[in-house]
Student: 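Have a look at this one.
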Protein chains: 2
Amino acid sequence: MSDLAAALEVVGARWALRIVERLLDAPQRYGDVQRDLGVPTNMLATWLRELEEAGVLVRLPLRHNTRAYTLTERGLALREAIEALAKWGAAGE
Amino acid sequence: MSDLAAALEVVGARWALRIVERLLDAPQRYGDVQRDLGVPTNMLATWLRELEEAGVLVRLPLRHNTRAYTLTERGLALREAIEALAKWGAAGE
DNA sequence: CTGCATCCGGAATGATACTG
DNA sequence: CAGTATCATTCCGGATGCAG
């Protein structure tokens with residue numbers, strides 16, 4: 001399998017890159033991501049789990065039954081790809 | 001909509017980026033892409049059309065009822081994003 | 001023989017109600 | 001707040017057919 005295909009296996013689904021982008025600058029809670037992104041709650045739960053298993057992010061417990069989703073080094077390494085894609089999208093207007 | 005979401009609207013489907021990657025270095029014919037990529041024939045037809053409408057590639061008629069699919073400037077501008085993603089995928093082994 | 005279109009089952013995604 | 005359960009919808013992929 002090509003390197004590109006390997007990457008898309010992990011972050012190629014509809015919401016994966018958008019979730020990661022949302023976490024690039026700071027950890028976020030579940031509800032923050034859901035509201036800001038407009039992602040269906042079951043899809044968010046599904047992909048947060050997938051991305052955690054892929055080592056892209058980790059779930060840090062806060063107080064009061066809340067968690068902070070934080071990118072790992074591997075997740076932060078997606079910044080270049082995300083910014084390149086966003087730049088391409090911006091040029092398409 | 002964010003720039004990233006705009007980009008993913010065009011190249012976020014399962015095969016879009018792989019097709020573009022295959023065309024980065026040289027134009028390819030339909031059958032070449034299909035065999036090398038292992039993409040189902042109906043999906044290839046669908047996404048070649050979508051990508052053509054999005055201005056990412058053009059279809060140049062060759063002789064003998066074949067066509068050469070060639071990236072436009074806009075399509076070639078995806079190289080940075082594709083290489084960044086491939087690099088990330090390669091680092092994940 | 002290459003480049004598709006169509007049909008159809010299964011997988012992915014989405015809306016929404018409900019729970020710890 | 002942070003999810004799960006359920007069901008509808010939409011997308012994807014393999015088989016097949018057919019035209020240039």
Side-chain angles (χ1 to χ4, degrees), chain A residues 1-2 4-23 26-54 56-72 75 85, chain B residues 1-2 4-23 26-54 56-71 75 85 89:
Chain A
M1 183 163 59
S2 77
L4 177 62
L8 293 177
E9 283 290 316
V10 180
V11 294
R14 180 165 177 71
W15 293 103
L17 279 181
R18 301 179 222 226
I19 292 169
V20 173
E21 183 193 35
R22 196 65 187 69
L23 302 180
Q28 303 286 330
R29 287 171 303 157
Y30 189 98
D32 295 334
V33 178
Q34 187 187 345
R35 274 185 302 277
D36 295 353
L37 230 49
V39 50
T41 179
N42 51 356
M43 288 295 102
L44 180 56
T46 296
W47 282 100
L48 284 174
R49 207 177 320 116
E50 295 275 347
L51 292 170
E52 188 181 11
E53 287 171 11
V56 170
L57 53 81
V58 292
R59 186 167 33 183
L60 302 178
L62 302 179
R63 59 177 63 197
H64 300 352
N65 193 32
T66 67
R67 299 131 185 81
Y69 289 92
T70 307
L71 293 182
T72 61
L85 267 175
Chain B
M1 182 164 59
S2 77
L4 176 63
L8 293 177
E9 284 290 316
V10 180
V11 293
R14 181 165 178 70
W15 292 102
L17 281 180
R18 301 180 224 224
I19 292 169
V20 173
E21 183 193 34
R22 195 65 187 71
L23 301 180
Q28 304 285 330
R29 286 174 304 155
Y30 189 97
D32 295 334
V33 179
Q34 186 190 343
R35 277 185 299 277
D36 295 354
L37 229 50
V39 49
T41 179
N42 49 0
M43 288 296 101
L44 181 55
T46 297
W47 281 101
L48 284 174
R49 206 178 320 116
E50 296 274 347
L51 291 171
E52 189 181 10
E53 287 171 10
V56 171
L57 53 82
V58 292
R59 185 167 34 180
L60 302 179
L62 301 180
R63 59 176 62 197
H64 300 121
N65 193 33
T66 66
R67 302 129 185 79
Y69 290 91
T70 307
L71 293 183
L85 266 175

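Since we're looking at a predicted model, the values are computed, not measured. The figures here come from the full heavy-atom set of this structure, side chains too, leaving out hydrogens, waters and symmetry mates. Lettering of chains follows the sequences in order, A, B, ..., and the numbering in each one begins at 1.
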Student: Would the base of D/dG3 count as contacting A/N42 through its side chain, where contact means a donor and an acceptor less than 3.5 Å apart?
Tutor: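 Check fails, no donor-acceptor contact within cut-off.
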Student: Would you tell me if any nitrogen or oxygen in the side chain of A/Y69 comes within less than 4.0 Å of OP1 or OP2 on D/dG3?
Tutor: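 A/Y69 to D/dG3 OP1/OP2: side-chain N or O found under 4.0 Å.
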Student: Could you state the CD-C1' distance from A/E9 to C/dA12, rounded to the nearest angstrom?
Tutor: 14 Å
Student: Hey, is the main chain of A/V33 close enough, under 3.5 Å, to the side chain of A/R35 for a donor-acceptor pair?
Tutor: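 Checking the backbone N and O of A/V33 against the side chain of A/R35, no donor-acceptor pair under 3.5 Å is found.
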Student: So B/R35, base contact, sugar-phosphate only, or nothing? Heavy-atom distance under 4.0 Å.
Tutor: nothing
Student: What's the CG-P distance between B/L44 and D/dC11, to the nearest Å?
Tutor: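 Roughly 18 Å, once rounded to whole Å.
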Student: Let me know the distance between CZ of A/R29 and C1' of D/dA2, rounded to the nearest Å.
Tutor: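 A/R29 atom CZ is separated from D/dA2 atom C1' by 11 Å.
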Student: Looking at side-chain heavy atoms only, is the closest gap between B/R18 and A/L8 below 4.5 Å?
Tutor: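 When only atoms from C-beta onward are counted, A/L8 and B/R18 do touch, with a gap below 4.5 Å.
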Student: Among D/dG14, D/dA2, C/dG3, which is the nearest nucleotide to the side chain of B/P40?
Tutor: D/dG14
Student: Please state how far atom CZ in A/R67 lies from atom P in C/dG20, giving the value in whole angstrom units.
Tutor: 15 Å
Student: Could you tell me the separation between the CD atom of A/Q34 and the P atom of D/dG3, rounded to a whole number of Å?
Tutor: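 It is 10 Å, rounded to the nearest whole Å.
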Student: Decide yes or no for B/V56 and B/L71: does some side-chain heavy atom of the first lie under 4.5 Å from some side-chain heavy atom of the second?
Tutor: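 Side-chain contact under 4.5 Å: yes.
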Student: Does A/W15 place a side-chain N or O at less than 4.0 Å from the phosphate oxygens OP1/OP2 of C/dG14?
Tutor: yes
Student: Side-chain N or O of B/R59 versus OP1/OP2 of C/dC4: is the shortest distance under 4.0 Å?
Tutor: yes
Student: What is the distance from CE of A/M43 to P of D/dA2, rounded to the nearest Å?
Tutor: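 The distance from CE of A/M43 to P of D/dA2 comes to 19 Å, rounded to the nearest Å.
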Student: Which part of the nucleic acid, if any, lies within contact of A/T41, taking any heavy atom under 4.0 Å across all strands shown: a base, the sugar-phosphate backbone alone, or nothing?
Tutor: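 Base: the residue A/T41, judged by heavy atoms under 4.0 Å, touches a nucleobase.
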Student: Side-chain N or O of A/W47 less than 4.0 angstrom from OP1 or OP2 on C/dT13?
Tutor: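 For C/dT13, OP1/OP2 do have a side-chain N/O of A/W47 under 4.0 Å.
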Student: Map A/R49 and A/H64 onto DNA chain D by nearest heavy atom, then report which one ends up closer to the 5' terminus.
Tutor: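 Residue closer to the 5' terminus by nearest nucleotide: A/H64.
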Student: For A/R14 and A/N65, take the nucleotide of DNA chain C holding the closest heavy atom to each; which residue's nucleotide lies nearer the 5' end?
Tutor: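 This one resolves to A/R14.
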Student: Select one nucleotide: of D/dG3, C/dT13, C/dC4, the one nearest the side-chain heavy atoms of B/A45.
Tutor: C/dC4
Student: Over how many whole Å does the gap from B/L37 atom CG to D/dG13 atom P extend?
Tutor: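 From B/L37 CG to D/dG13 P: 11 Å.
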Student: Under 3.5 Å, is there a donor-acceptor pair linking the side chains of A/T66 and A/Y30?
Tutor: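 A/T66 vs A/Y30: no donor-acceptor pair found between side chains.
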Student: Assess the residue pair B/R14 and B/M43 against the criterion (side-chain contact (heavy atoms from CB on, under 4.5 Å)); give the C-alpha distance rounded to whole Å, side-chain angles, the decisive distance to 0.1 Å, and a yes or no.
Tutor: CA-CA 9 Å; B/R14 181 165 178 70; B/M43 288 296 101; over 6 Å; no
Student: Rounded to whole angstroms, how far apart are CD1 on A/I19 and P on D/dG3?
Tutor: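 Atom-to-atom, A/I19 to D/dG3, this comes out as 12 Å.
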